[in-house]
Student: 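Sharing a structure here in structure tokens format.
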There are 2 protein chains.
Amino acid sequence: MQATIKDIAKATGFSVATVSRVLSNKKGFFSEKTAAKVNQVAKELGYKKNMSATELVTKKSNVIAALINSTKTNFSDSIIKGIQDKADELGKTVIILYAGDRDARAQKKALTTALERSVAGILLLSVDLSPENLTLLKSARTPFYFISITFQDTALPCITSNDHGIGYLATSYLIRQGHRRIGLAGLDFSDSYTGKLRLAGYQAALAENQLSAHSEWVQAGDYSYEAGIAALDAYAQNSELPITAVIAGSDMVGIGILNRASALKIPVPQKLSIVTIDGTDLCRIVQPPLTSVTQDFYKMGYVGLERLLENAAGITYTQSELTERKSVLAVKK
Amino acid sequence: MQATIKDIAKATGFSVATVSRVLSNKKGFFSEKTAAKVNQVAKELGYKKNMSATELVTKKSNVIAALINSTKTNFSDSIIKGIQDKADELGKTVIILYAGDRDARAQKKALTTALERSVAGILLLSVDLSPENLTLLKSARTPFYFISITFQDTALPCITSNDHGIGYLATSYLIRQGHRRIGLAGLDFSDSYTGKLRLAGYQAALAENQLSAHSEWVQAGDYSYEAGIAALDAYAQNSELPITAVIAGSDMVGIGILNRASALKIPVPQKLSIVTIDGTDLCRIVQPPLTSVTQDFYKMGYVGLERLLENAAGITYTQSELTERKSVLAVKK
DNA sequence: GCTCTTTGGGTAAACGTTTACAATAGCTTT
DNA sequence: AAAGCTATTGTAAACGTTTACCCAAAGAGC
């Protein structure tokens with residue numbers, strides 16, 4: 001028996017209309033005295049607005065759904081923090097929905113949950129929608145915005161890092177430190193567009209310095225810790241490492257490489273320098289702390305929500321920057 | 001203009017009642033032919049149920065709200081995974097709400113969001129509600145259940161690890177490994193009951209072995225990385241460490257201790273053994289990997305949801321176990 | 001004293017579902 | 001043939017809000 005505005009109306013002697021007006025603060029439609037009385041009775045009765053009813057009649061809601069990918073939530077935290085902060089400023093409330101991990105069924109469930117509740121908008125944090133789910137999303141009238149994911153289809157509204165720039169930044173930094181044989185590890189070049197762009201950035205930086213990558217320098221992977229392990233094992237097949245530095249596709253890849261290197265007694269950074277892509281807190285807590293191309297995840301969330309609400313189209317980029325820690329050694333020429 | 005059941009009714013020639021029955025699959029109230037037709041038209045029109053309307057009339061919902069604490073989400077991930085899996089089995093959907101970090105305002109907002117949407121139940125993942133928010137929660141008729149948090153008030157329904165047991169387990173393990181001077185670091189003994197219980201378990205194990213703790217052995221903190229750093233600095237004030245092993249209040253504390261130790265050239269585990277409490281993936285990725293008392297977070301989520309729905313009262317404990325990695329050295333007597 | 005605003009508040013419809021209750025048709029029983 | 005089922009469908013009320021529209025009283029201006 002939740003108390004309703006009817007109960008308040010009865011108790012105060014006012015009509016439901018008046019009660020509704022003071023409770024939703026429609027200024028200028030009631031007197032102070034009325035408001036005071038209504039509010040007091042509402043409190044006494046433990047009144048709580050029934051959002052279903054409100055949303056049913058107003059046909060709008062101030063909730064934003066954020067769909068997240070169940071894996072790799074280590075940077076989602078920052079994105080969500082950004083979203084949350086912006087939402088607070090705007091008086092929106094955000095609900096987070098798990099969209100599984102490349103699982104079309106789970107994606108669909110999360111998507112319909114959001115759509116059925118007619119949320120004001122949907123944010124998708126690195127969720128790579130299956131084609132039919134993408135169609136579903138597009139056919140709904142709910143605004144949506146992707147965060148931290150890059151598509152071939154540039155028409156999809158999203159905010160993300162410039163992945164070409166990331167590859168370029170990491171590579172040219174290592175070149176400036178004197179490295180010439182530079183690996184690239186743990187990126188996925190097949191279905192993910194992100195991987196291809198970073199690779200292109202890497203190659204561009206190399207080419208600009210009259211270098212070119214040997215094929216064994218680039219080791220594909222799935223951005224995981226295990227991919228890092230596998231990459232280092234591939235590099236370490238011969239007694240001499242073919243590279244002096246490696247760019248890891250993610251922090252976890254970087255840590256995998258680091259740990260495998262230490263298991264194989266390859267000192268980092270003396271024998272192998274590492275630059276990691278992402279720059280989450282994980283970089284700080286390993287030893288040596290990993291130099292990284294740090295993405296501005298917080299900002300992605302913060303301005304992502306902004307963009308969603310202004311119905312922006314196209315791609316927005318956030319700035320990445322190189323954060324020097326202790327995993328890169330400058331080599332003397 | 002989302003299509004509604006009215007539109008489908010018009011298009012098919014049936015009444016809204018029939019359409020509703022087909023769409024919500026009230027078996028035995030319609031013929032196959034009818035169902036086929038209705039479903040087809042629904043699909044054509046891109047019909048999506050309006051949950052607000054449904055919830056308004058049925059006064060029930062199958063969504064579970066999970067409130068989480070914005071910090072320390074590193075183990076929340078496992079808990080959420082558990083919740084999610086159970087929810088999938090049960091056909092429930094879960095929405096995650098951020099409840100800030102010991103911020104009564106944010107807590108209240110998350111709480112009212114959940115309450116206003118009349119969710120089927122509320123799960124609170126290590127959120128330490130302020131007194132007034134607790135009252136608010138209790139006064140609502142919505143079932144709730146705490147996960148991974150212990151209260152003095154044993155009437156509060158929750159599932160968590162046995163914190164006394166954790167302290168005892170870690171300590172007695174170290175004693176069995178031959179340690180006699182054992183520290184305890186990074187726990188909060190003031191407002192959090194958890195810290196007190198773990199301390200009691202620690203003391204119990206010590207006492208059982210005719211040992212007792214020197215006051216400088218236990219260093220309070222707030223479960224953070226920085227608390228670990230501070231604890232080690234406290235231990236390392238004299239040239240000789242007062243302890244041979246330390247129990248870290250959380251993985252982050254353990255890593256803080258580890259890194260500070262390595263900065264000070266104190267080899268782990270040769271000069272200092274570390275047992276960490278939590279046992280998340282973080283333990284695996286540092287060097288040496290940290291031996292831990294591993295809590296079963298996944299299970300907390302999984303059975304937490306179960307318990308919530310069966311309206312269980314009182315405390316349920318999940319089992320913790322000691323996971324040996326590489327941060328503890330057995331000392332010869 | 002009369003009309004015109006302004007202020008405060010009431011009436012009732014609408015939002016999209018679900019479901020109790022009725023109604024019909026076609027059977028089966030007796 | 002009357003009565004009773006069963007299967008299928010329809011009618012309409014209900015859920016708790018919001019809000020367009022209406023109304024009355026109180027001043028304001030003449």
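As the structure is a prediction and not an experimental result, all values here were calculated from the model. When reading the values below, keep in mind they use all heavy atoms of this one structure, side chains included, and skip hydrogens, waters and symmetry mates. Residue numbers begin at 1 in each chain, while the letters A, B, ... track the order of the sequences.
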Student: Tell me whether the OP1 or OP2 atom of dT19(C) has a side-chain N or O from Lys26(B) closer than 4.0 Å.
Tutor: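 Yes, within the criterion.
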Student: Quickly work out the Glu116(B) CD to dT18(D) P distance and round it to whole Å.
Tutor: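 That distance rounds to 11 Å.
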Student: When the distance from CG of Asn25(B) to C1' of dT18(C) is rounded to whole Å, what number comes out?
Tutor: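 Taking CG of Asn25(B) and C1' of dT18(C), I get 14 Å after rounding.
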Student: Describe the nucleic acid contact of Ser52(A) in one word from base, sugar-phosphate, nothing, applying a heavy-atom distance below 4.0 Å.
Tutor: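 Nothing, no nucleic acid heavy atom in range.
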Student: Whole-Å distance between dG16(C) C1' and Arg117(A) CZ?
Tutor: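 Taking CZ of Arg117(A) and C1' of dG16(C), I get 14 Å after rounding.
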Student: Just the rounded figure in Å: distance from P of dT11(D) to CD1 of Ile5(B).
Tutor: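 Rounded to whole Å, this separation is 14 Å.
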Student: Calculate the interatomic distance between Lys10(A) atom NZ and dG10(C) atom P; express it in whole Å.
Tutor: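 Roughly 15 Å, once rounded to whole Å.
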Student: Does the side chain of Lys48(A) get closer than 4.0 angstrom to OP1 or OP2 of dG16(D) through an N or O atom?
Tutor: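 Negative; the distance criterion is not met.
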Student: Does dT17(C) have OP1 or OP2 sitting under 4.0 Å from an N or O in the side chain of Lys6(B)?
Tutor: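 No, Lys6(B) has no side-chain N/O under 4.0 Å of OP1/OP2 on dT17(C).
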Student: Round to a whole Å and report the spacing from CD of Glu55(A) to P of dC15(C).
Tutor: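 These atoms are roughly 17 Å apart.
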Student: Within less than 4.0 Å of OP1 or OP2 of dT9(D), is there a side-chain N or O belonging to Thr34(B)?
Tutor: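 Answer yes for this pair, as a side-chain N or O of Thr34(B) is under 4.0 Å from OP1 or OP2.
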Student: Let me know, please, whether Leu56(B) or Phe30(B) comes out on the 5' side of the other along DNA chain D by nearest nucleotide.
Tutor: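 It is Phe30(B) whose nearest nucleotide is closer to the 5' end.
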Student: At under 4.0 Å, does any side-chain N or O of Thr18(A) touch on OP1 or OP2 of dG10(C)?
Tutor: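 Yes, such a contact exists.
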Student: Can you check whether any acceptor in the base of dG8(C) is under 3.5 Å from a donor in the side chain of Arg21(A), or vice versa?
Tutor: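 Not at all, since no donor on one side and acceptor on the other fall under 3.5 Å apart.
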Student: So which nucleotide from dG16(D), dT9(D), dA14(D) ends up closest to the side chain of Val57(B)?
Tutor: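 Selected nucleotide (nearest to the side chain): dA14(D).
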Student: Compare side-chain N and O positions of Thr58(A) against OP1 and OP2 of dT19(D) and report whether any pair is under 4.0 Å apart.
Tutor: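 Checking dT19(D) against Thr58(A), no side-chain N or O comes under 4.0 Å of OP1 or OP2.
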Student: Could you please name the option among dT17(C), dT18(D), dG10(C) that lies closest to any side-chain atom of Phe14(A)?
Tutor: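 Among the listed nucleotides, the one closest to the side chain of Phe14(A) is dG10(C).
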Student: I want to check one thing: is the phosphate of dG16(C), taken as OP1 and OP2, less than 4.0 Å away from some side-chain N or O of Lys59(A)?
Tutor: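 The answer is yes; a side-chain N or O of Lys59(A) sits under 4.0 Å from OP1 or OP2.
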Student: Ignoring backbone atoms, test whether Ser15(B) places a side-chain nitrogen or oxygen under 4.0 Å from the OP1 or OP2 oxygen of dT11(D).
Tutor: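 Checking Ser15(B) against dT11(D): no side-chain N or O falls below 4.0 Å of OP1 or OP2.
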Student: What I want to check is whether the side chains of Arg117(B) and Ser61(B) have a donor and an acceptor closer together than 3.5 Å.
Tutor: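 Short answer, no.
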Student: Expressed in angstrom and rounded to an integer, what is the separation of Phe29(A) atom CZ from dT17(D) atom P?
Tutor: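 My rounded result for the distance is 19 Å.
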Student: Checking the side chain of Thr4(A) only, and the main-chain atoms of Lys6(A) only, is there a donor and an acceptor separated by less than 3.5 Å?
Tutor: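 Yes, because the side chain of Thr4(A) sits within donor-acceptor range (under 3.5 Å) of the backbone of Lys6(A).
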Student: Please determine if a side-chain N or O atom of Thr54(A) lies less than 4.0 Å away from the OP1 or OP2 oxygen of dG16(D).
Tutor: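 Result: no.
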Student: Would you mind reading off the distance between Asp7(A) atom CG and dG16(D) atom C1', rounded to a whole angstrom?
Tutor: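 Going from Asp7(A) (CG) to dG16(D) (C1'), I get 10 Å.
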Student: Decide whether Asp163(A) and Tyr193(A) meet the rule of one side-chain donor and one side-chain acceptor closer than 3.5 Å.
Tutor: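 Their side chains do not contain a donor-acceptor pair, so the 3.5 Å distance test is not met.
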Student: Of Gly28(A) and Ser24(B), whose nearest nucleotide on DNA chain C comes first from the 5' end?
Tutor: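 Going by which nucleotide is closer to the 5' end, it is Gly28(A).
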Student: Strictly below 4.0 Å, N to O, side chains only: are Asp85(A) and Lys81(A) in salt-bridge contact?
Tutor: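 Lys81(A) and Asp85(A): salt-bridged.
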Student: Could you grab the distance from atom OG of Ser126(A) to atom CG of Leu67(A), nearest 0.5 Å is fine?
Tutor: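 If I round to the nearest 0.5 Å, the distance is 11.0 Å.
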Student: So if I apply the side chain to side chain contact (heavy atoms under 4.5 Å, CB included) rule between Ile8(A) and each of Asn39(A), Val38(A), Val22(A), which one comes out positive?
Tutor: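 The side chain to side chain contact (heavy atoms under 4.5 Å, CB included) with Ile8(A) is passed solely by Val38(A) among Asn39(A), Val38(A), Val22(A).
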Student: Any side-chain N or O of Ser20(B) below 4.0 angstrom from OP1/OP2 of dT18(C)?
Tutor: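 Checking Ser20(B) against dT18(C): at least one side-chain N or O falls below 4.0 Å of OP1 or OP2.
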